[in-house]
Each structure stands twice: as C-alpha cells, then as structure tokens.
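Okay, structure first, notes after.
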Amino acid sequence: MLAEWAPPWERSKMAAFVFTAVFLFVWRRGRVSRRGICLVGLCESGKTLIFSQLIYKKAVESFTSMKENVGVLQIENKGALKLVDVPGHERVRQRFFDTYKTTARGIVFVLDSFSLNKDIRDVAEYLYTILSDPVVLSNRPQMLILCNKQDHALAKGPQVIQSVLEKEMNVLRNTQTNQLEAISEGGNRKSCYLGQEGKNFEFADLYPQRVEFAASSAQTEDLEKLKKWLQSVA
C-alpha cells in the first residue's frame with residue numbers, strides 16, 4: 001500500500017516505480033522460462049539429422065515422423081536449451097508447434113536449399129504461418145532460417161534464398177490480406193500484416209522480430225553457423 005500521508009505527486013511516482021518493478025520482474029521471469037528452441041520446416045528438410053547431430057553428436061537414421069523429438073542441449077557458459085524437432089508433416093506440425101511455441105526462445109526454420117524451387121510455395125506458406133502466429137508476435141523469439149543441404153552442388157546460398165523467399169512472401173501476403181479483408185466484412189476480424197504497408201515484403205521490416213539466415217549441411221556435419229547462433233541466443 002502506498003503511504004497515504006505522501007503528497008499526490010509523490011504517490012504517483014511511487015506507483016510508477018512499483019508498476020515498473022513488477023513489469024520487469026514478470027518480463028525477466030518469462031524470458032528465463034523460455035529456454036526452448038523449435039526446429040521447424042517441411043518434411044525431409046534435414047531437421048531430424050540436425051537434431052541428432054546436436055544432441056547425440058552423430059547421425060541417426062531418420063524417417064518421416066508424426067511425433068516430436070526432444071533433447072537437452074548444453075551451451076557452454078549459458079546453461080541448457082530444450083531442443084524440439086517439430087514434425088514437418090502438414091497434418092500434425094501445427095499441433096506440435098502450438099505445444100512448444102510459448103516456451104520458445106528461438107525458432108530455427110530449416111529448408112532444403114537444393115529443392116527450394118520445387119517447394120517454394122509450401123516453404124513460404126509455412127514460414128508465413130509461423131511469423132504471423134499471435135504467440136510468436138507477442139514473445140518475439142529470435143528466428144534463424146537455416147539453408148540446409150549446402151553440400152549439393154546446385155544448392156542456393158542464403159542470400160539468394162532470402163531474395164526468393166521475400167518475393168514469394170510478398171505474393172502470399174497480398175493473397176492473405178485480400179482474403180482476410182473479404183472475410184472481415186467491415187473490419188470485424190483483425191488481421192496481422194507482416195512487414196510495412198506500401199512496400200514489398202522484406203524480412204528486415206519485421207523488426208523488432210529478428211530474422212537471420214545461415215547455411216548448413218547436416219550430412220557433412222557442417223553446423224558451425226547454427227551452433228554460433230544457438231550460443232548467441234542462449
């Protein structure tokens with residue numbers, strides 16, 4: 001209780017101090033409790049191989065799974081992270097992501113750099129769904145788009161992939177916005193607009209949501225950039 005004898009202006013200052021202290025306590029507690037890293041992406045993008053390389057330090061035979069893989073990853077001088085390999089199958093991936101997204105400190109979106117041209121529409125739709133998720137928008141976990149399978153001679157590099165994805169996300173955003181406007185009937189349904197209105201989609205415009213790109217090859221155990229990112233996130 002604020003001291004009743006204090007003058008009004010003093011009580012206002014004390015109330016503001018108490019509110020700030022409580023807010024910082026809740027915010028820090030929530031951030032500390034979010035120690036999860038979600039590995040997401042389409043089937044056969046290499047998520048489970050990456051998971052096994054990080055957790056078991058070796059390749060483990062994998063197949064399309066309908067269940068998540070969970071492991072504890074120790075980060076030097078930073079503590080432990082809970083690594084979750086979310087199934088990529090369209091029927092179950094949203095359900096499993098919903099289970100773990102509230103505790104996600106970071107999200108690694110794994111894509112196949114070799115087959116991107118064939119999968120670009122599906123990749124962009126899944127990525128759009130994650131970026132526009134209300135919990136992701138609220139918590140703003142750091143995000144890494146991991147361009148896997150760089151060992152293929154015809155694999156696209158991260159810069160090219162970012163450009164291709166931005167173009168596809170721009171088309172998808174226009175389609176999604178038009179559909180939501182048609183459904184809303186006078187603005188009754190609030191929609192999320194990714195990026196800045198009036199310009200083409202760019203990942204940089206998602207700020208303060210931070211999205212980075214990096215290359216990897218789980219098949220050749222080249223995960224150094226991912227490990228450096230995990231170190232920074234932890």
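We're numbering straight along the sequence, starting at 1.
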Side-chain donor-acceptor contacts of residues 67-77 below 3.5 Å, not counting sequence neighbours, with atom names and distances?
| from | atom 1 | to | atom 2 | distance (Å) |
| --- | --- | --- | --- | --- |
| Glu68 | OE2 | Tyr100 | OH | 2.5 |
| Asn69 | ND2 | Asp85 | OD2 | 2.9 |

### Summary
In short, ring pair (Phe, Tyr, Trp, His ring centres under 6.0 Å) pairs touching residues 140-172 with sequence neighbours left out are Phe114-His152
#### Entry: With Phe203 via ring pair (Phe, Tyr, Trp, His ring centres under 6.0 Å) - residues at least two apart
Phe201, Phe213
### Task
Check whether any side-chain heavy atom of Thr99 sits under 4.5 Å from a side-chain heavy atom of Val84, and report yes or no.
no
### Query
Which residue pairs satisfy the salt bridge (Lys or Arg N to Asp or Glu O under 4.0 Å) criterion with at least one member in residues 142-165, sequence neighbours excluded?
Asp112-Lys149
### Message
List the residues meeting ring pair (Phe, Tyr, Trp, His ring centres under 6.0 Å) with Phe109, not counting sequence neighbours, and say none if there are none.
### Response
Tyr126
### Query
Got a sec, which residues hit side chain to side chain contact (heavy atoms under 4.5 Å, CB included) with Ser113, two or more places apart in sequence or on another chain?
Leu111, Cys147, Gln150, Ala155, Ile161
### Task
Just grab all the salt bridge (Lys or Arg N to Asp or Glu O under 4.0 Å) pairs involving residues 134-146, residues at least two apart or on different chains.
none
### Message
According to salt bridge (Lys or Arg N to Asp or Glu O under 4.0 Å), who are the partners of Asp222, at least two apart in sequence or on a separate chain?
### Response
none
### Query
Got a sec, which pairs hit salt bridge (Lys or Arg N to Asp or Glu O under 4.0 Å) with one end in residues 159-172, sequence neighbours left out?
Arg121-Glu168
### Query
Which side-chain hydrogen bond (donor to acceptor under 3.5 Å, both in side chains) pairs, counting each pair once, include a residue from residues 224-234, with sequence neighbours left out?
Glu212-Trp229
### Message
Donor-acceptor check, side chain of Asn139 to backbone of Pro141, threshold 3.5 angstrom: yes or no?
### Response
no
### Task
Sequence neighbours left out, what passes salt bridge (Lys or Arg N to Asp or Glu O under 4.0 Å) with Asp122? Give chain and number order.
none
### Query
What is the minimum heavy-atom distance between Leu146 and Ser216, and which atoms define it?
CG-OG, 3.4 Å
### Message
Suppose we screen for ring pair (Phe, Tyr, Trp, His ring centres under 6.0 Å). Which residues come up paired with Tyr128, at least two apart in sequence or across chains?
### Response
none
